[in-house]
Protein chains: 2
Amino acid sequence: MEAKPKRATIRQVAAATGLSPAAVSYALRGLQVSSETQERVRRVASEMGYEADPIARALRGGTTGMVAVLAGSLSDFWTQGLTHALQRELRAVDRHTVVADADGVPGRELELARRLVDHRVDGLIVSPVGPSSGDWRAIAERVPVVTIGDALPGVATVGEVVFDNDTGVADTLAHLSSLGHRRIAVLSWSLATAPGRRAERAVERAGVELGIRCALVPCAYSLNGSAPLALELLAGADRPTAVFCLSDSIAYGVYAACAELGLRIPGDVAVAGFDDHPISRLLSPPLTTTDWDCGAVARSAVEFLVSALDGGGAVQRRVMAPQLRVRSSTVPG
Amino acid sequence: MEAKPKRATIRQVAAATGLSPAAVSYALRGLQVSSETQERVRRVASEMGYEADPIARALRGGTTGMVAVLAGSLSDFWTQGLTHALQRELRAVDRHTVVADADGVPGRELELARRLVDHRVDGLIVSPVGPSSGDWRAIAERVPVVTIGDALPGVATVGEVVFDNDTGVADTLAHLSSLGHRRIAVLSWSLATAPGRRAERAVERAGVELGIRCALVPCAYSLNGSAPLALELLAGADRPTAVFCLSDSIAYGVYAACAELGLRIPGDVAVAGFDDHPISRLLSPPLTTTDWDCGAVARSAVEFLVSALDGGGAVQRRVMAPQLRVRSSTVPG
DNA sequence: TTGAAAGCGGTACCAG
DNA sequence: CTGGTACCGCTTTCAA
């Protein structure tokens, strides 16, 4: 169709300088050759607009300078924010970033990871949808992997940032319990895709300890996904007195449902979220939720990855402590 | 460090089947060879877990099956949503997607585009930060490019989805004017990076026509960026009676500022946004804003790109019509 | 229908 | 210090 403007190759630069391709390759990377020819080659190369083709280099076995961030679901607002934060951090250390979105399907996450590794990304930061979904081992053997949120059991990752969900869940339920709530619905997106996640187990445990009735309800990610479900839940006869959403995005859907049903928060139902997305503060009433320090998560994940890329040794690990932000969605202001 | 498990190569499959690499290559793509050997090769290949290395294929000049989405700024909530919608649409047509984030810097956008093209993405969907930032021509010559939001002048893109900002801005300002507002602050993120965008020119024109005073204020993307600015703006002596934000994210920052200053919306200041992000409906008061039908934008963009990849001819273009959603942030409910 | 061989654009090993 | 050259893994003429 169009005339493709071929880019300059190393052989052309070699011809232009009267050197061999090998010499040019060395010169441009500051190896072997005299600093004099190095200079000359650099000049000619930039005049010709030459830059090494990353694909050719990758095929040979080198690196691409590209790191992949694999998001479990970009429907989720907090995940969107985390992704953005990761890109920022990676750029700060001069790594280019590509993002891929598994859209909530664990199998897809693994497939994307494979594809990205095939494309020779230098490293992978992944927030798994479900912990045990398939053969991550092979991936981790080919490229450094840092996980966020759920460790991959039995896989040799180079770093993990995990959330202390047990404490986070327990704190929230204790808070609700102390306000007198005994019938609490817990909405979680991960139930459907990965039953048995730690957060859910924590819910059950805390429920028993506190002597309250927690009904776990599987739920679509995202506002639009959770609103219909919440509508049904809250319109029913045996309406819970509080709803605990394992993601702020889900809580927004509950807000929408309450608005539609004319229910007052927290008078008719108390609502708690779980990520502290920036918008949660702005809602009316502001949403009680749990802050994990998104910025710190991103910083650690990138730090772990970079140190592995630089040849660092031991696997690194950081446990994020939850910070319950009590706002008016549970406690009337 | 670790033992890298080498993946199977075409030569190994060739050896295993007693054929030549060429025959295997053909067989796997259903070309030339007899359907009998085709079958046999397929079986052996899948047994060995063989899959063609996309990098080698790309180097040879083929395609990668990967499309890149280049976002102007993932700080912006609406852009985040658009990105997600694009991924969904692309997956629906079996294209894999990678996302890159220019984070509001036009120059970075171009650099990322170059890098992605170097990595042999098959196509590019880009929502430009600023229209005239550098040499997009060379990019568009190597790979099909679809733009969203701002066409790239003089560049041979294969498709464009543009917003009728003129009408959108005029409608909003007319709405505010009809409510009696005469001193309106217009917050725009693009002023700083790309002065002279159409939206801004539209503001000036509409201001003149309606006989109202519009003060254009450059503004950071995102809630956290706009809040301090809004604080300053609204705490000043000559406070505007209405604020028109050229992105919902910015409006959220204005909400935050109003909350801090104890200003009532719309009593003390009316606020209007410009994207209709799903959350805008949920705020108190719900935000008056302009809907562009994000889903339709994504569908068209992907349709344009796919038709170009399939060899389609003429450049395609769609103009999105604005839909003003009047809510209580301008008209008390 | 199948096979041999020449690339795609670099890099790294080996002589010189 | 520099130049030849054999790869990396796949595709695609061109012959057989």
Side-chain angles (χ1 to χ4, degrees), chain A residues 4-42 44-45 48-66 114-115 117-122 142-143, chain B residues 4-42 44-45 48-66 114-115 117-122 142-143:
Chain A
K4 308 271 176 185
K6 293 273 175 213
R7 59 190 286 162
T9 75
I10 200 170
R11 277 172 246 272
Q12 290 169 19
V13 178
T17 51
L19 292 175
S20 75
V24 173
S25 175
Y26 286 133
L28 290 174
R29 287 175 301 157
L31 265 42
Q32 312 262 1
V33 300
S34 70
S35 60
E36 187 189 333
T37 37
Q38 212 170 106
E39 186 62 29
R40 189 163 54 94
V41 172
R42 283 245 164 69
V44 174
M48 303 178 60
Y50 170 80
E51 262 191 281
D53 182 335
I55 266 17
R57 180 177 283 165
L59 181 60
R60 187 61 182 77
T63 63
T64 54
M66 195 150 262
R114 246 189 234 116
R115 192 163 304 264
V117 171
D118 280 352
H119 276 269
R120 308 292 200 277
V121 295
D122 294 340
R142 298 187 61 80
V143 85
Chain B
K4 307 270 176 186
K6 292 273 175 215
R7 59 188 287 161
T9 76
I10 201 171
R11 274 175 254 271
Q12 289 169 20
V13 179
T17 52
L19 293 173
S20 75
V24 173
S25 174
Y26 287 134
L28 289 175
R29 287 174 302 155
L31 264 43
Q32 314 260 3
V33 301
S34 71
S35 61
E36 187 188 334
T37 36
Q38 213 172 104
E39 185 62 28
R40 189 165 54 95
V41 172
R42 283 244 165 73
V44 173
M48 303 178 59
Y50 169 80
E51 263 192 280
D53 182 337
I55 266 14
R57 180 177 282 165
L59 180 60
R60 185 57 183 75
T63 61
T64 53
M66 196 150 262
R114 244 189 235 116
R115 191 162 303 263
V117 170
D118 279 352
H119 276 270
R120 308 290 200 280
V121 294
D122 295 340
R142 297 187 61 81
V143 87

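As a basis for the values below, the full set of heavy atoms in this structure was taken, side chains included, without hydrogen atoms, waters or symmetry mates. Order of the sequence lines fixes the chain letters, A, B, ..., with proteins taken first and strands second; residue numbering starts at 1 for each chain.
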Find the distance B:Asp118:CG to C:dC8:C1' and express it as a whole number of Å. 15 Å

May I ask you to evaluate whether A:Thr37 reaches the phosphate of D:dC1, defined as a side-chain N or O under 4.0 Å from OP1 or OP2? no

Mind checking A:Ile55 for me? I need base, sugar-phosphate or nothing, with any heavy atom below 4.0 Å counting as a touch. nothing

Distances under 3.5 Å only, N/O to N/O: pair up the protein atoms with those of nucleotides 10-16 of chain C.
from: C:dG10; atom 1: OP1; to: A:Tyr50; atom 2: OH; distance (Å): 3.3
from: C:dG10; atom 1: OP1; to: A:Asp53; atom 2: N; distance (Å): 3.3
from: C:dG10; atom 1: OP2; to: A:Ile10; atom 2: N; distance (Å): 2.6
from: C:dG10; atom 1: O5'; to: A:Tyr50; atom 2: OH; distance (Å): 3.1
from: C:dG10; atom 1: N7; to: A:Arg11; atom 2: NH2; distance (Å): 3.1
from: C:dG10; atom 1: O6; to: A:Arg11; atom 2: NH2; distance (Å): 3.3
from: C:dG10; atom 1: N2; to: A:Arg60; atom 2: NE; distance (Å): 3.4
from: C:dT11; atom 1: OP1; to: A:Arg57; atom 2: NE; distance (Å): 2.6
from: C:dT11; atom 1: OP1; to: A:Arg57; atom 2: NH2; distance (Å): 3.0
from: C:dT11; atom 1: OP2; to: A:Ser25; atom 2: OG; distance (Å): 2.8
from: C:dT11; atom 1: O2; to: A:Arg60; atom 2: NE; distance (Å): 3.3
from: C:dA12; atom 1: OP2; to: A:Arg29; atom 2: NH1; distance (Å): 3.0
from: C:dA12; atom 1: O4'; to: A:Arg60; atom 2: NH2; distance (Å): 3.3
from: C:dA12; atom 1: N7; to: A:Tyr26; atom 2: OH; distance (Å): 3.4
from: C:dC13; atom 1: N4; to: A:Tyr26; atom 2: OH; distance (Å): 3.0

Those residues at least two apart in sequence (or on a different chain) that pass side-chain contact (heavy atoms from CB on, under 4.5 Å) with A:Ala16 are A:Val44, A:Met48

Nearest atoms (heavy-atom pairs only) where A:Thr9 meets A:Tyr50: C-CE1, 3.5 Å

Return the value, rounded to whole Å, for the distance between atom CG of B:Leu28 and atom C1' of D:dG9. 13 Å

Would you say A:Ser34 reaches D:dT2's phosphate, i.e. side-chain N/O to OP1/OP2 under 4.0 Å? yes

Could you tell me the separation between the CG atom of A:Leu59 and the P atom of D:dC10, rounded to a whole number of Å? 9 Å

Separation of atom CE in B:Met48 from atom P in D:dG9, rounded to whole Å: 13 Å

Hey, mind stepping through B:Arg115 and A:Met66 against side chain to side chain contact (heavy atoms under 4.5 Å, CB included) and telling me if it holds? CA-CA 10 Å; B:Arg115 191 162 303 263; A:Met66 195 150 262; 3.7 Å; yes

Rounded distance in Å - CD (A:Gln12) to P (C:dG9): 8 Å

So, using side chain to side chain donor-acceptor pair (under 3.5 Å) as the criterion, who are the partners of A:Arg114 when residues are at least two apart? none

Relative orientation of the end axes in the helix from C:dT1-D:dA16 to C:dG16-D:dC1, expressed as an angle to the nearest 10° (five pairs per end): 50°

Determine which pairs satisfy side-chain hydrogen bond (donor to acceptor under 3.5 Å, both in side chains) with at least one residue from residues 51-64 of chain B, sequence neighbours left out, and list them in order. A:Arg120-B:Asp53, B:Thr64-B:Asp122

Under 3.5 Å, sequence neighbours excluded: what are the donor-acceptor pairs made by side chains of residues 18-28 of chain B?
from: B:Ser20; atom 1: OG; to: B:Ala22; atom 2: N; distance (Å): 3.4
from: B:Ser20; atom 1: OG; to: B:Ala23; atom 2: N; distance (Å): 3.1
from: B:Ser25; atom 1: OG; to: B:Arg29; atom 2: NH2; distance (Å): 2.9

Would you compute the distance between atom CD of B:Glu39 and atom CZ of B:Arg42 and round it to the nearest 0.5 angstrom? 7.5 Å

